[in-house]
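Throughout, residue positions are numbered sequentially from 1 according to the sequence presented.
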Amino acid sequence: MTVPPPAPPKSNGPLILGLVGGLLALCLVGVCGAAAVGVMINNRKDSSRTTVGSTYPPPEPVRTTAPAPPTRPAPPPPPASIGQCIGVDLAGNFLGVGNCNGSSGTYRVVSVDYDQSTCADPDAPYITEDGYRLCLERHLVRFFCYRFPKSDGWIVHAPKCKAKGTVHIIDIVPGASNGDRCTRDHRWNRWYRFTHPTVVYCVMQY
């Protein structure tokens with residue numbers, strides 16, 4: 001009896017090749033997928049960075065016009081005008097506008113300044129009223145009576161002529177230094193010299 005020869009062994013080559021090919025395909029798919037996912041994530045990160053606001057402040061607009069200067073309130077009306085004569089009391093307080101004919105007002109206004117700058121003659125008398133500086137000069141009239149200060153002070157109208165301590169203006173000599181040029185047509189018993197402006201008053205003192 002004849003024994004048949006054994007069957008040839010089955011080859012595993014195709015199976016191995018198939019497995020290797022499948023693994024390679026899976027690896028390729030995995031690697032490519034991971035790479036694709038990474039690219040998508042990076043793109044998403046980049047796009048998120050570009051959509052977020054910049055950390056630098058926006059540029060300031062360029063000013064095309066100069067700012068308007070602050071407005072200064074309008075000053076009140078001056079208490080007196082240049083050329084008017086005013087009355088004051090013994091302390092130099094403003095009593096109001098009088099006239100220049102001798103019946104009221106002993107000082108004439110020579111300048112009115114709301115900024116209170118120095119008078120043109122820095123030694124001239126002045127007062128301040130309602131924010132203004134009024135620069136003054138004495139304005140006395142012949143044959144009217146006044147009360148002179150004993151030292152530095154203000155000249156005021158005498159409430160009654162020939163009262164004790166009053167002076168009656170007999171003559172006025174601008175620019176004089178003494179009583180030599182006073183009138184001889186009327187009696188007087190004393191002279192006073194003032195400066196700013198310089199003048200001599202020849203008076204009858206009571």
Side-chain angles (χ1 to χ4, degrees), residues 66 68-206:
T71 57
R72 181 181 180 182
S81 302
I82 295 174
Q84 289 184 318
C85 291
I86 65 169
V88 295
D89 63 14
L90 290 171
N93 297 311
F94 178 69
L95 298 180
V97 176
N99 57 54
C100 299
N101 64 9
S103 60
S104 64
T106 54
Y107 291 86
R108 190 173 67 89
V109 179
V110 295
S111 69
V112 180
D113 187 1
Y114 190 63
D115 292 327
Q116 299 192 18
S117 303
T118 304
C119 297
D121 180 354
D123 294 321
Y126 70 88
I127 63 171
T128 56
E129 184 70 19
D130 294 338
Y132 288 88
R133 173 174 289 196
L134 306 181
C135 299
L136 310 169
E137 66 179 12
R138 282 171 297 278
H139 184 83
L140 308 183
V141 180
R142 290 181 68 184
F143 308 126
F144 281 85
C145 290
Y146 302 91
R147 188 178 295 275
F148 283 0
K150 293 183 178 180
S151 58
D152 292 337
W154 298 88
I155 299 173
V156 299
H157 270 281
K160 183 179 180 181
C161 201
K162 296 185 179 182
K164 185 177 180 180
T166 64
V167 295
H168 189 189
I169 304 295
I170 304 301
D171 198 9
I172 301 172
V173 187
S177 57
N178 53 47
D180 292 347
R181 293 163 53 191
C182 290
T183 180
R184 302 302 178 202
D185 297 333
H186 302 278
R187 289 183 57 197
W188 54 272
N189 60 8
R190 188 164 183 176
W191 58 270
Y192 288 87
R193 181 177 184 266
F194 291 89
T195 56
H196 310 288
T198 300
V199 64
V200 166
Y201 295 107
C202 316
V203 306
M204 181 65 73
Q205 182 169 333
Y206 301 101

Quick check: does any side chain N or O of [X] sit under 3.5 Å from a backbone N or O of [Y], one acting as donor and the other as acceptor?
{"X": "Tyr206", "Y": "Cys161", "result": "no"}
{"X": "Arg142", "Y": "Ile172", "result": "no"}
{"X": "Arg133", "Y": "Thr128", "result": "no"}
{"X": "Asp171", "Y": "Thr183", "result": "yes"}
{"X": "Arg138", "Y": "Thr195", "result": "yes"}

Does either side chain, that of Gln116 or that of Tyr126, offer a donor lying less than 3.5 Å from an acceptor on the other one?
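Short answer, no.
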For a quick check under 3.5 Å, do Ser111 and Asp113 share a side-chain donor-acceptor pair by atom type?
no
Centroid-centroid under 6.0 Å between Phe94 and Tyr132 rings
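No - the distance between ring centres of Phe94 and Tyr132 does not fall below the 6.0 Å cut-off.
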Do you know the tightest heavy-atom contact between [X] and [Y]?
{"X": "Thr166", "Y": "Lys160", "answer": "CG2-O, 3.8 Å"}
{"X": "Pro79", "Y": "Val97", "answer": "O-CG2, 3.5 Å"}
{"X": "Gly105", "Y": "His157", "answer": "N-NE2, 3.4 Å"}
{"X": "Val173", "Y": "Cys202", "answer": "CG2-SG, 4.2 Å"}

Tell me, yes or no, whether the heavy-atom count around Arg187 atom CZ, taken from other residues, nucleotides or ligands under 6.0 Å, exceeds 12.
no
Aromatic ring pairing Phe143/His168, orientation class (parallel under 30°, perpendicular over 60°, tilted between)
perpendicular
Please lay out, stage by stage, how Ser117 and Asp115 fare under the test side-chain hydrogen bond (donor to acceptor under 3.5 Å, both in side chains).
CA-CA 6 Å; Ser117 303; Asp115 292 327; 5.4 Å; no
Sole residue of Trp188, Trp191, Tyr192 in side-chain hydrogen bond (donor to acceptor under 3.5 Å, both in side chains) with Gln205
Tyr192
Passing candidate, side chain to side chain contact (heavy atoms under 4.5 Å, CB included) with Ile86, options Leu136, Leu95, Asn99
Leu136
